[in-house]
> 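Below you'll find the structure I mean.
A, B, ... follow the sequence lines: proteins, then strands. Residue 1 opens every chain.
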Amino acid sequence: MLKRDQIETFFARLQAANPAPKGELNYVNPYTLLVAVVLSAQATDVGVNKATEKLFQRVDTPQKMLKLGEAGLKEHIKTIGLFNTKAKNVIRLSEILLRDFKGEVPQDRDILQTLPGVGRKTANVVLNIAFGLPTIAVDTHIFRVANRTGLAPGKDVLKVEAALEKRVPEPFKLHCHHWLILHGRYVCKARKPDCGRCVVRDLCQFKEKNV
DNA sequence: CTCCCGATAT
DNA sequence: ATATCAGGAG
């Protein structure tokens with residue numbers, strides 16, 4: 001496990017490498033962000049953006065989504081994996097938002113998690129990105145980076161989230177999600193980690209460091 | 001733990 | 001050919 005001063009250095013370097021980190025999923029408002037994140041499960045952001053580009057031009061509210069309908073939605077997202085269940089979830093989720101929340105996205109994690117297709121990770125992303133809260137969403141990339149480096153080891157995503165919550169210094173909390181995910185996607189990759197270009201290589205506890 | 005399930009990288 | 005991709009539900 002990394003020490004406190006090492007963690008400070010860790011994030012200071014990621015911040016220096018990427019001062020204004022942003023996610024790579026496209027959206028136009030909290031609702032479309034929620035939909036985009038639901039669609040992004042086990043899919044690449046590039047693939048999701050390709051499908052949502054046309055979709056969000058026409059559909060950016062729960063009302064319009066219900067007007068489009070499940071069949072219409074599937075037509076838009078059929079290139080995304082797991083599209084059948086995702087389409088069902090988005091339609092049902094939109095019905096609930098419209099009926100119980102005046103068509104708006106609740107700013108509450110427990111409520112968000114009651115929506116179909118929305119788990120803890122998706123809820124945390126929406127709270128962080130759409131509403132600016134310092135929640136830490138642990139996806140596949142962050143789980144891998146946290147464990148590999150020794151930043152915040154844990155056997156499951158909940159434990160990693162708790163460890164990050166404890167160990168990430170306050171000034172870095174708001175954007176740590178983006179720094180970690182981008183680092184995981186482009187440098188600390190699942191298959192072939194690019195340790196040669198890693199800015200925290202000297203701190204990292206990964207045993208099989210590549211050249 | 002299994003199922004969902006297309007596109008992309010390796 | 002196969003592992004992986006901004007996971008969640010039964």
> Roughly how many Å is it from OH in Y186(A) to P in dC5(C), rounded to a whole number?
13 Å
> Under 4.0 Å between a side-chain N/O of T140(A) and OP1 or OP2 of dC5(C), yes or no?
yes
> Assign K78(A) to base, sugar-phosphate, or nothing according to its heavy-atom contacts below 4.0 angstrom with the strands shown.
sugar-phosphate
> Using whole Å, report how far CG of D156(A) lies from P of dG8(C).
13 Å
> For V48(A), which contact category applies under a 4.0 Å heavy-atom criterion: base, sugar-phosphate, or nothing?
nothing
> Quick check on DNA chain B: between G81(A) and K189(A), whose nearest nucleotide comes earlier from the 5' end?
G81(A)
> Considering just the side-chain nitrogens and oxygens of T122(A), establish if one lies under 4.0 Å of OP1 or OP2 belonging to dG8(C).
yes
> Taking for each residue the nucleotide of DNA chain C with the nearest heavy atom, is it G23(A) or P116(A) whose nucleotide lies nearer the 5' end?
G23(A)
> Contact class for L25(A) (heavy atom, under 4.0 Å): base, sugar-phosphate, or nothing?
base
> For D45(A) and V118(A), find the nucleotide of DNA chain C closest to each by heavy atoms; which residue's nucleotide sits nearer the 5' end?
D45(A)
> Between OH of Y31(A) and OG1 of T61(A), what distance do you get to the nearest 0.5 Å?
7.0 Å
> Under 4.0 Å from OP1 or OP2 of dT2(C): is there any side-chain N or O of R191(A) that close?
no
> Mind checking whether W179(A) and F11(A) have parallel, tilted or perpendicular rings, split at 30° and 60°?
tilted
> Whole-Å distance between dG7(C) C1' and R144(A) CZ?
15 Å
> Please state the P separation for the pair dG8(C) and dA7(B) - nearest whole angstrom.
23 Å
> Once you apply a heavy-atom cut-off of 4.0 Å, does A190(A) come out as touching a base, just sugar-phosphate, or nothing?
sugar-phosphate
> Tell me: CZ of F83(A) to P of dC3(B), nearest whole Å?
18 Å
> To the nearest Å, give me how far apart CD1 (I181(A)) and P (dG7(C)) are.
7 Å
> Does atom CD of E165(A) have more than 12 heavy-atom neighbours, drawn from other residues, nucleotides or ligands, at distances under 6.0 Å?
yes
> Grab the CG-C1' distance between L82(A) and dT8(B) for me, whole Å please.
15 Å
> Strictly below 4.0 Å: does N84(A) bring a side-chain N or O up to OP1 or OP2 of dC5(B)?
yes
> Please report, rounded to the nearest Å, how far the C1' atom of dC5(C) is from the CG atom of L39(A).
14 Å
> Measure CD1/I80(A) against C1'/dG7(C) and give the value in whole Å, please.
14 Å
> Please determine whether a side-chain nitrogen of the Lys or Arg among R58(A) and E75(A) lies less than 4.0 Å from a carboxylate oxygen of the Asp or Glu.
no
> Are any non-hydrogen side-chain atoms of H177(A) and V125(A) less than 4.5 angstrom apart?
yes
> Have a look at G47(A) and say if it touches a base, only the backbone sugar-phosphate, or nothing, with a 4.0 Å heavy-atom cut-off.
nothing
> I want to check one thing: is the phosphate of dT8(B), taken as OP1 and OP2, less than 4.0 Å away from some side-chain N or O of K50(A)?
yes
> Quote, to the nearest angstrom, the P distance that separates dT2(B) from dA3(C).
15 Å
> Which one of D139(A), D45(A), T140(A) satisfies the side chain to side chain donor-acceptor pair (under 3.5 Å) criterion with R185(A)?
D45(A)
